[in-house]
Amino acid sequence: MRLANSDTLPGIRTLLRRHSLPTSPSVKTMEPPPVVDAGRYMFNPTLKWDPHVEAYFSRAYGADHFSRISSALTRPSCYSSIRVNTLKTSTEDVKKKLIKYLHETNFAKEDSTSCITQNPALENVLYIWGTGPHEISYDRQPDEPIKEIIVSRKCAEAVLRGAQIYVPGVMACSSHVEEGDKVAVSVATEKPTDTGGWAIGITRGTVLHGIPSDVQYEDRHGLYIGEGIALMSRAGIFRAKEGVAIEMTNRVYRLPSFNDVLEGEIFLQNLPSIITARVLDPQPGEKILDMCAAPGGKTTAIALLMKDQGEIIALDRSHNKVMNIKKLADEMEIKCIKAYKLDALKSVSLSISDQNEVILEEQSVRVDEECYDLTNVRKDEKGRYLSNAETRKRMRQMRNGPGKNNSKGGKVVNSKGFAPNSFDRVLLDGPCSALGLRPRLFAAEETIDSLRRHGTYQKRMFDRAVQLVRPGGVIVYSTCTINPGENEALVRYALDTYKFLSLASQNPKIGGPGVVGSYKFDETHTEEWLTESEAELVQRFDPVSGTDTIGFFIAKFIVGSKSSS
C-alpha cells in the first residue's frame with residue numbers, strides 16, 4: 001500500500017549525478033505555479049478524479065503523494081527528449097542542426113546551445129529544455145473585456161506541449177475577432193451530463209462576450225494557457241475545415257515544436273519509452289516481437305539497438321496504424337521491421353501449418369479521380385446507373401480501400417499468428433488507461449470498473465506473450481499509467497501464474513521502485529501488488545520525482561524452462 005522505500009527516493013540532484021539525466025543550469029525547471037489569486041487569467045488547474053479512483057490511488061501512494069502526482073500531471077515535463085536515428089546521421093550533427101533550428105525559430109533568442117543537453121549513458125538521446133510557468137499579461141483595458149477563444153481539452157494539452165491551435169480545436173470565440181487580433185486562450189474541460197457521461201457543454205461556434213453570462217465563464221477561471229494572434233477572422237475559423245487558427249505567441253509553458261523537423265533523423269519520444277527499448281536489450285540477429293507497436297517509436301528504437309540486423313515483427317490491429325509504422329520505418333531507412341495487421345490477442349497461431357503465414361489484405365492504392373474512367377463506377381453490375389450517394393461510396397472505396405475504418409489505402413499484410421516459442425524477446429506495451437500521460441487536464445472518465453477491465457485485458461495479452469516467447473527468452477511489459485492494477489497487479493499475476501517466470505534487474509535503472517502491498521475492493525476481491533524485493537526490480541517513473549517524466553511502468557521477465565511448470 002505504499003512505494004517501496006518511498007521516503008528515500010533520490011532527489012533530482014542525486015538522480016542527475018547517478019544516472020547522468022538531463023540538466024540545464026541556465027534554464028529554470030518547471031514547477032507548479034504558486035496557488036495565489038492572480039485573477040481569472042492564469043493557469044492553475046485542478047485535476048478531477050472519480051471519487052472511488054481517487055480513494056484507490058490515495059491508498060496506493062498516500063494521500064499527500066497522490067495529490068502531488070495529480071498536480072504534476074496537469075503540466076508538461078520541463079524538457080523534450082529526442083532520439084537520434086544513428087543509422088542515418090550522428091548525434092553531434094543533429095545537435096548542430098537543432099541549435100540552428102531553435103535560433104531560427106526564435107525559441108532561444110540568445111544562446112540556443114544552453115537549451116540542449118546530452119546524456120552520456122544514452123548516446124543517441126538529446127534533451128531540449130523548455131521554461132515555465134510564465135505569467136501572461138493580456139493587456140486588458142479597464143472595463144473592456146479582452147478578446148478570447150476557448151479550445152477543446154485535447155487541443156489545449158497539445159498546445160501546452162508546444163503545438164499551435166488548429167481550426168478543429170476551437171470551440172468558442174469572441175465576437176468581432178479579426179485576422180491579426182490578439183486573443184486570450186482558455187480551455188473547456190469536461191463536465192458531468194444528465195445521462196451520466198461527460199461533455200464540455202459548448203456548441204462549436206458559440207459567441208463569447210467576456211461577461212459572467214458567457215458559457216463556462218466561471219469554469220475557465222484559472223484555465224488560461226496563453227495568448228496568440230488570430231490567423232483567421234471569427235467567421236473564417238468556423239467556416240474552414242483545417243489550418244492554423246491561432247498562432248501562440250505567449251505561452252504559460254514554452255516548449256519547442258518539432259513537427260516535420262529533421263524527418264527521418266529524429267524521433268520525439270518520452271524518456272521512459274526510450275528506456276523501455278534499452279531494458280529489452282535486443283541483440284543483432286534476434287527475432288523480436290512488438291505486440292502493440294503503433295506508432296512505431298519503440299519498434300524503431302529496438303531496430304537501432306539491433307543495428308538493423310535481425311527481424312522485428314510489429315503488430316497492430318488497425319490498418320492505418322500499421323501504415324504509420326511502415327511509414328516511420330521507411331523514413332528512418334530501417335529494413336528489419338515487418339509490420340502486420342493483427343490483434344495481439346490472436347497472435348498465437350492455432351496450428352503448426354498456420355505458423356508465420358501471412359496474406360495480403362485487399363486494400364486499393366489511392367486512385368486519382370481525374371485520371372480514372374468513372375463510367376463503371378457509376379454503373380452497377382447490370383449496367384444500370386447508380387445514385388449519387390452510391391457512386392460517392394464507390395469512389396471512397398477506390399480511394400481508401402474497403403477497410404472498416406475508412407483506411408488510408410495502400411497495402412498492409414495480415415497475419416494469422418505465430419507459432420509458440422517463436423521469439424527471442426517480446427515487448428508488450430499494451431493499451432492502457434494512459435493515466436500517466438501529461439499534461440492531462442481531465443481524468444474523471446476512468447472508474448474503478450474501467451481500471452479493472454484494463455487490467456483484465458492486459459492479462460489476456462500477457463498470456464499470449466508468454467506463449468510466443470521461447471524458453472530462455474525475455475518479456476518486457478510496460479504501460480504509461482499510474483494505475484497499480486495495470487502495473488504491479490499484472491506482475492503479481494504473471495509470477496503467480498507462470499512459475500517459470502522471474503523478474504530481472506533492469507539496465508538502465510532510472511525510475512523508482514514499485515508499489516508494495518494490496519488493496520481490498522470488497523469482501524470478494526483483493527488486488528495484490530508486490531513484495532519489497534519484487535518492487536525493487538521493477539521500474540516506476542513518478543511524475544513527481546526528479547526525472548520529471550510521464551507516469552510510466554516497466555517490468556522485465558526472464559523465461560525459464562516451460563516444461564518444468
Side-chain angles (χ1 to χ4, degrees), residues 1-3 6 32 45-77 153-154 156-158 160-161 187 189-190 192 197-198 269-273 275-276 292 297-298 428-459 461-462 477-493 511-515 517 519 521 527 529-530 538-545 547-555:
M1 297 185 292
R2 59 185 176 84
L3 292 174
S6 59
T46 299
L47 195 57
K48 296 178 181 178
W49 299 88
D50 175 272
H52 300 290
V53 171
E54 186 170 7
Y56 169 66
F57 286 153
S58 294
R59 183 67 181 276
Y61 295 102
D64 179 67
H65 190 80
F66 176 63
S67 176
R68 288 185 286 123
I69 289 176
S70 186
S71 176
L73 289 175
T74 63
R75 56 188 174 86
S77 299
R153 187 254 307 174
K154 289 186 177 180
E157 290 170 350
L160 288 169
R161 293 192 298 269
V187 187
T189 56
E190 291 84 341
W198 295 89
Q269 191 170 28
N270 286 306
L271 179 61
S273 295
I275 299 300
T276 300
C292 303
K298 296 184 185 68
L428 173 53
D429 185 78
C432 68
S433 57
L435 291 177
L437 296 183
R438 53 190 291 211
R440 170 179 289 276
L441 302 177
F442 178 71
E445 79 275 21
E446 290 289 353
T447 65
I448 288 293
D449 287 341
S450 68
L451 292 182
R452 290 176 64 177
R453 284 194 296 272
H454 285 301
T456 300
Y457 183 64
Q458 286 146 1
K459 289 173 184 176
M461 299 188 78
F462 190 85
Y477 173 80
S478 62
T479 73
C480 57
T481 184
I482 62 172
N483 176 26
E486 300 173 73
N487 297 333
E488 286 82 0
L490 184 285
V491 175
R492 176 82 283 129
Y493 165 80
V515 175
Y519 183 82
F521 289 101
E527 184 176 274
W529 298 327
L530 301 179
V538 302
Q539 192 164 186
R540 173 181 278 278
F541 289 82
D542 188 332
V544 179
S545 74
T547 56
D548 194 28
T549 66
I550 62 173
F552 205 87
F553 179 86
I554 309 173

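Residue indices begin at 1 and follow the sequence shown. Here the structure is a predicted model, which is why all the values come from computation and not from measurement. These values consider heavy atoms only, across backbone and side chains, with no hydrogens, waters or symmetry-generated copies.
The closest side-chain heavy-atom distance from Ile448 to Val53 is below 4.5 Å. By the 4.5 Å heavy-atom criterion applied to side chains, Phe553 and Pro484 are not counted as neighbours. Put simply, the side chain of Leu435 reaches to within 4.5 Å of the side chain of Leu451, judged on heavy atoms.
Under the side chain to side chain contact (heavy atoms under 4.5 Å, CB included) criterion, Ser450 pairs with Glu446, Thr447, Arg453, not counting sequence neighbours. Looking at residues two or more places apart in sequence or on another chain, you find a salt bridge (charged side-chain N to carboxylate O under 4.0 Å, His left out) between Arg153 and Glu157, Glu190. Residues satisfying the ring-ring contact (aromatic ring centres under 6.0 Å, His included) criterion with Phe57, sequence neighbours excluded, are Trp49, Phe66. Applying the side chain to side chain contact (heavy atoms under 4.5 Å, CB included) rule to Pro431 yields the partners Cys292, Tyr457, Met461; only residues at least two apart in sequence or on another chain are considered. Legend: residues meeting salt bridge (charged side-chain N to carboxylate O under 4.0 Å, His left out) with Arg68, ordered by chain and number and at least two apart, are Asp64. Take Ala489 and apply the side chain to side chain contact (heavy atoms under 4.5 Å, CB included) test, not counting sequence neighbours, and it matches Glu527, Trp529. Residues meeting the side chain to side chain donor-acceptor pair (under 3.5 Å) test with Arg438, sequence neighbours left out: Asp548. In this structure Arg492 satisfies the side chain to side chain donor-acceptor pair (under 3.5 Å) test together with Asp496, Glu534, sequence neighbours excluded. Phe521 pairs by the ring-ring contact (aromatic ring centres under 6.0 Å, His included) definition with Tyr56, Tyr519, His525, not counting sequence neighbours. By the side chain to side chain donor-acceptor pair (under 3.5 Å) test, Thr189 pairs with no residue at all, sequence neighbours left out. When the side chain to side chain donor-acceptor pair (under 3.5 Å) test is applied to Tyr493, the partners found at least two apart in sequence or on another chain are Asp463.
Taking both residues in full, the closest heavy atoms of Phe442 and Leu47 are given as N-CD1, 3.3 Å, listed atom of the first, atom of the second, then distance. The shortest non-hydrogen separation linking Ile482 to Gly551 is CG2-CA, 4.2 Å. Listed here is the closest heavy atom pair of Thr276 and Ile554: OG1-CD1, 3.4 Å. Closest non-hydrogen pair, Pro513 versus Arg540, comes out as O-CB, 3.5 Å. What you find for Ser77 and Ile550 is that their closest heavy atoms are OG-N, 4.2 Å.
Counting only distance, with no hydrogens or angles, the side chain of Gln539 and the backbone of Gly511 share a donor-acceptor pair below 3.5 Å. One N or O on the side chain of Asn483 and one on the backbone of Gly485 form a donor-acceptor pair closer than 3.5 Å. With hydrogens and angles disregarded, no donor-acceptor distance shorter than 3.5 Å links the side chain of Glu486 to the backbone of Cys432. No donor-acceptor distance shorter than 3.5 angstrom exists from the side chain of Ser71 to the backbone of Ser67, with no hydrogens or angles considered.
Summarising the geometry, atom CG belonging to Asn270 is positioned 10.5 Å from atom CZ belonging to Phe541; distances are rounded to the nearest 0.5 Å. One finds the NZ atom of Lys154 at 9.5 Å from the CZ atom of Arg440 (value rounded to the nearest 0.5 Å). Put simply, OG1 on Thr549 and CG on Asp542 are 8.0 Å apart, with the number rounded to the nearest 0.5 Å. Taking CG from Leu441 and CG from Leu160, the interatomic distance works out to 6.0 Å, rounded to the nearest 0.5 Å. Of the inter-residue distances, the one linking Ser433 atom OG with Asn487 atom CG reads 8.0 Å to the nearest 0.5 angstrom.
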